[in-house]
Amino acid sequence: MGSIKIYDTTLRDGSQMRGIKYTVEDKIKIIKKLDKTGIHYIECGWPSSNPTHKEVFEKARELKLENSIISAFGSTRHYNKKVEEDPNLNGLIESGAKACSIFGKAWDLHVTEGFGIALEENLKMVEESVAYLKKFIPEVFFIGEHFFDGYKKNKEYAKEVLQRAWKAGADLLVLADTNGGSEYFEISQIMEELTKEFDFKFGIHCHNDSGLAVVNTIEAVRKGAIQVQGTVNGYGERCGNANLCEVIPNLQLKLGYEVLGENIKQLTSLSRYVSEISNMQPALNMPFVGTNAFGHKGGIHVSAVMKNSSTYEHISPDMVGNERKILISDLSGKSNVLYKLREFHMENIVDERHLPLIIEKLMELTRKGYDFEGAEASFELLVRKIIYPEISYFEPLDFRVITEKISEFGTRTEATNKIRVGNKLRHTVAEGNGPVNAINISLKKALEKEYPFIDQINLIDYKVRIVEGMQSTKAITRVLIESRDEVTGEEWSTIGVSTNIIKASWKALLDSFNYYLYKRFERKQDEDKFSTN
Ligand SMILES: [Zn+2]
């Protein structure tokens with residue numbers, strides 16, 4: 001199988017997605033990550049359309065990229081401008097990019113109705129623009145806009161557009177399904193006709209309006225395309241673009257093309273990194289790279305996967321840098337709990353007599369609305385408390401929170417906490433910018449005498465979910481807290497559940513502090529214990 005080049009347009013096409021707005025710094029971060037993943041081309045934007053795009057090109061020029069070539073995007077010259085005077089073409093040249101993609105009309109209707117010019121004039125625009133850019137930019141890719149629709153309506157004209165671009169020196173002809181409405185068998189047939197008739201190099205650029213962008217892209221490759229244009233996580237306008245996180249593993253792992261080599265193991269990390277920078281929720285069920293892509297819940301599945309992972313997995317998760325996950329929300333099977341314990345390297349400290357107690361406790365908490373998915377520190381803590389019931393770092397007693405709004409002063413919140421640490425009773429009060437913040441500070445104050453390092457914990461994320469109708473008609477609040485040790489960089493997440501949001505938050509915070517203290521003291525004890533065995 002041949003080698004396929006990946007052309008990423010997350011920063012240009014992908015940024016058209018609703019809710020995405022990249023700063024220059026965001027773009028630079030994504031460029032570095034794409035380079036690390038071995039993506040061949042990175043399209044950074046349309047230099048003449050926006051001054052911030054220009055800035056990205058300037059900054060990108062200073063980066064020492066190992067794998068990627070920076071590309072710029074633009075269009076063929078304006079119909080009443082000469083190439084030398086066209087700001088769009090000159091913008092591409094001035095960007096300093098070593099590659100560029102320019103689009104031109106391939107559908108006759110768009111030429112006559114959209115531009116209102118003669119068909120021949122559009123052909124001239126294509127050939128003159130390509131020829132001009134080729135003098136300055138090493139690689140020039142020509143994108144036939146609406147190519148497949150144009151081909152279906154006027155095959156001869158669409159082919160003529162490609163021929164002119166090729167003769168003018170284009171390095172590659174990218175066929176775009178701009179409206180995303182083509183079926184895979186149409187793409188297949190058109191590609192077959194083209195490769196039979198011409199000796200051109202082809203690329204493919206699909207949009208996902210029919211939910212077929214990935215399959216259309218793969219089919220185009222099977223029929224001879226050697227460059228794939230798409231975006232990380234399928235970001236893009238409307239229904240998005242071809243999702244590179246799905247296209248790449250299909251091409252490389254299933255069909256045997258040479259794409260990213262060993263770097264394919266970075267794919268999961270790339271997907272999550274880009275969703276983080278884009279401020280988009282990661283799609284949990286995204287094939288290959290989603291958190292749940294290798295998540296097993298049913299007891300029978302779990303025991304089968306533990307014996308032989310190929311029973312319920314199409315590939316091994318590590319091939320794309322993902323990992324297997326056993327969801328512990330379903331506790332019907334002993335095997336789920338065992339698997340989870342193994343994941344936390346706790347199987348050695350749990351023995352047969354603990355197991356029924358752990359399962360019983362988990363089931364009780366699940367009935368109350370707990371879900372330990374995403375709150376793994378709370379899970380670990382629960383297990384540790386069953387194994388070492390005698391160990392306690394502090395005992396929470398009472399708390400109180402007051403929030404008041406005074407018209408002249410605004411809002412203020414005060415929290416008090418009463419806890420027992422050893423034989424000392426600590427009663428502390430603190431102010432915060434909100435109830436959770438105030439409880440957090442007051443708890444730290446209560447603990448800091450005995451555990452002075454407690455101050456290095458920071459609350460980094462806080463999520464609230466209302467769980468409807470668990471036991472009765474009363475809604476239950478589930479709070480997830482993410483904490484970080486600012487010294488070691490370690491992060492963990494804990495859960496609290498209650499019908500009262502403040503109480504749920506308080507519980508999640510207690511778990512967070514408790515987990516931290518367990519980690520600090522218990523890990524060492526475990527190690528000592530096992531090293532003497
Ligand atoms: Zn596009």
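Residues: numbered from 1 along the sequence shown. Every number for a ligand or one of its atoms is a count from 1 in the order of the listing.
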>> Does either side chain, that of Asn292 or that of Asn285, offer a donor lying less than 3.5 Å from an acceptor on the other one?
In response: no
> the Zn ion (ligand 1): which protein N, O or S atoms are under 2.8 Å away?
Replying inline: Asp13 OD2, His205 NE2, His207 NE2
>> Determine whether a donor-acceptor pair (N or O, by modelled atom type, separation under 3.5 Å) exists between the side chain of Asp86 and the backbone of His78.
In response: yes
>> Under 4.0 Å between a side-chain nitrogen and a carboxylate oxygen: does that hold for Arg484 and Glu486?
In response: yes
>> Parallel, tilted or perpendicular, judged at 30° and 60°: which one describes the rings of His314 and Phe294?
In response: parallel
> Hey, what do you get for CH2 (Trp107) to NZ (Lys153), rounding to the nearest 0.5 Å?
Replying inline: 4.5 Å
> Pick from Glu121, Glu120, Glu128: which one makes a salt bridge (charged side-chain N to carboxylate O under 4.0 Å, His left out) with Arg164?
Replying inline: Glu120
